Amino acid sequence: MTDRPFPRDLLAAGTLDAARLVLGVFLIRGSGPERRVARIVEVEAYVGDDDMASHAHLGRTKRNAVMFGPPGVAYVYLVYGMYHCLNIVTEASGRPAALLVRAVEPVEGEAEMRLARVRSAQTRPNRNATADADRTRRQIEGLPASRLASGPGLVCAAFSIDRSDNGIDMCDGNSDLRIEAAPPGDGPLTVATGPRIGIGYAPEPWLSQPWRYFVAGSAAVSGRGRNVTGRREVTE
DNA sequence: GCAAAGATTTGCT
DNA sequence: GCAAATCTTTGCC
């Protein structure tokens, strides 16, 4: 159960507007002592079937089907054969769009996130030697909290998200994986923007659209945006 | 049925 | 800074 389930209608409108609105929002997994909570600090918008960087550009397929459905639903897929990516579907049914959650900042359940990261890393077929697994575990245990989920694959690892979460309604307070409005005490955020990451296959103008949105100054932001601390809107 | 590429991360050069 | 790891999805034969 959640006290402030995120309003679905805020996701139903424009995806670029929704991208700003979800920054600062809480991503929540589970309940009770194992509950994990983190602030969303970085997202990317994938808008419509004409967006050549989006999975939706080829039309509706088995994989991207939920992107064509109602807003507030989780779209989870496997990339590079080993990492999962979490998206929040936006816009009305029939128009495929979503926000890729690229980074979150732990608020509660940090120990649980570390455990999940270790589990995920040691599940990878690549890591088999005992010494290697032990080194990986210590490395994760030594990470600052801000680096536990500073990347799209890492968000899913820290929150134990995989394709079984595909299609979950994240605006439903009873869902095990959900989003919740930021607490009233949270101050205003400074939003920075830049081009989307890892879409080199896309032609212009999609390649350079500044559809990556992140919280300036957050240590949890992935890649180069991490160092952006300006107080004003920034375009990288 | 087969080949190619990918909304990433990590470790080594 | 570059390449490997890994497997699902998609496209074409």
Side-chain angles (χ1 to χ4, degrees), chain A residues 15-16 18-19 22 40-68 74-90 96-104 113-114 116-129 131-143 146-159 161-167 193-214 220-226 236:
Chain A
T15 301
L16 301 187
V22 302
I40 297 173
V41 296
E42 180 184 356
V43 298
E44 279 176 1
Y46 290 85
V47 191
D49 57 8
D50 54 337
D51 180 354
M52 290 302 283
S54 172
H55 289 166
H57 84 277
L58 293 174
R60 187 181 186 132
T61 66
K62 185 173 181 182
R63 176 175 66 166
N64 68 21
V66 303
M67 284 185 80
F68 291 74
Y75 168 43
V76 182
Y77 65 90
L78 185 67
V79 267
Y80 298 107
M82 50 190 117
Y83 299 105
H84 294 275
C85 286
L86 168 69
N87 295 254
I88 303 168
V89 173
T90 56
L99 295 169
L100 169 67
V101 180
R102 286 192 58 89
V104 300
M113 296 179 202
R114 284 183 201 279
R117 279 288 308 274
V118 171
R119 268 198 308 273
S120 168
Q122 297 188 344
T123 289
R124 290 219 298 278
N126 188 22
R127 310 244 171 275
N128 37 16
D132 216 28
D134 200 54
R135 184 169 71 106
T136 300
R137 180 180 55 76
R138 275 200 298 269
Q139 187 170 321
I140 291 171
E141 286 172 351
L143 284 175
S146 61
R147 290 299 162 79
L148 287 176
S150 57
L154 303 180
V155 169
C156 288
F159 275 74
I161 294 166
D162 60 27
R163 280 173 300 171
S164 69
D165 294 301
N166 191 47
T193 66
R196 294 172 290 182
I197 308 293
I199 56 159
Y201 53 84
E204 295 289 3
W206 314 112
L207 180 62
S208 300
Q209 292 285 15
W211 289 352
R212 175 183 181 223
Y213 296 79
F214 56 98
V221 168
S222 71
R224 280 190 56 81
R226 189 178 294 152
E236 282 190 311

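The figures that follow rest on heavy atoms only: side chains count, while hydrogens, waters and symmetry mates do not. Letters go in sequence order (proteins before strands), and every chain restarts at 1. Bear in mind that the values here come from a model prediction, so they are computed numbers and not experimental data.
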Quiz prompt | Nucleotide dA7(B), atom C1' - distance to CD1 of I199(A) in whole Å | solution = 8 Å
Practice problem: Could you check which nucleotide pairs with dT6(C) in any of the strands shown, counting Watson-Crick or G-U wobble with both distances under 3.5 Å? | Solution: none
Exercise. Verify the stacking flag for Y83(A) against dT8(B): centroid separation must be under 5.5 angstrom and the ring planes must differ by under 30 degrees.
Key: no
Quiz item: OP1 or OP2 of dT10(B) less than 4.0 angstrom from a side-chain nitrogen or oxygen of R147(A), does that happen here?
Solution: no
Quiz item: Between H55(A) and dT9(C), does any side-chain N or O lie under 4.0 Å from OP1 or OP2?
Solution: no
Practice problem: Check the distance between dT8(C)'s P and H84(A)'s NE2 and give it to me in whole angstrom. | Solution: 10 Å
Quiz item: For R102(A) and dT8(B), is the shortest distance between a side-chain N/O and OP1 or OP2 below 4.0 Å?
Solution: yes
Quiz item: R135(A) has an atom CZ; how far is it from atom C1' of dT9(B), in whole Å?
Solution: 14 Å
Quiz item: Tell me: CE of M82(A) to P of dG6(B), nearest whole Å?
Solution: 14 Å
Quiz item: Which of the following nucleotides, dG11(B), dT10(B), dG6(B), is nearest to the side chain of Y80(A)?
Solution: dG6(B)
Quiz item: Between Q122(A) (CD) and dT10(B) (P), how many Å, whole number?
Solution: 14 Å
Self-check item: Is_stacked (Y201(A), dA5(B)) at 5.5 Å, 30 deg
Solution: no
Quiz item: Tell me: CG of L78(A) to C1' of dA5(C), nearest whole Å?
Solution: 12 Å
Self-check item: Carboxylate-amine/guanidinium proximity below 4.0 Å for E42(A) and R212(A)
Solution: yes
Practice problem: Have a look at R196(A) and say if it touches a base, only the backbone sugar-phosphate, or nothing, with a 4.0 Å heavy-atom cut-off. | Solution: nothing
Self-check item: Exam field: side chain R117(A) to backbone A149(A), donor-acceptor pair closer than 3.5 Å
Solution: no
Quiz item: Between I197(A) (CD1) and dA7(B) (C1'), how many Å, whole number?
Solution: 10 Å
Quiz item: For N166(A) and dT8(C), what is the distance between atoms CG and P respectively, to the nearest whole Å?
Solution: 15 Å
Quiz item: Contact class for L100(A) (heavy atom, under 4.0 Å): base, sugar-phosphate, or nothing?
Solution: base
Practice problem: Ignoring backbone atoms, establish whether Q139(A) has a side-chain N or O less than 4.0 Å from OP1 or OP2 of dG11(B). | Solution: yes
Quiz prompt | Out of dT9(C), dT8(B), dT10(C), whichever nucleotide has its closest atom nearest the side chain of L58(A) | solution = dT10(C)
Self-check item: Any-strand Watson-Crick or G-U partner of dA7(B), both distances under 3.5 Å
Solution: none
Quiz item: Do the rings of W206(A) and W211(A) sit parallel, tilted or perpendicular, given the 30° and 60° boundaries?
Solution: tilted
Quiz item: Within the distance-only criterion (no hydrogens, no angle test), does the side chain of R196(A) pair as donor or acceptor with the backbone N or O of Q209(A) below 3.5 angstrom?
Solution: no
Quiz item: Of the nucleotides dT8(C), dA7(B), dG11(B), which one has an atom closest to the side chain of C85(A)?
Solution: dA7(B)
Self-check item: Close side-chain approach of L99(A) and Y213(A), heavy atoms under 4.5 Å
Solution: no
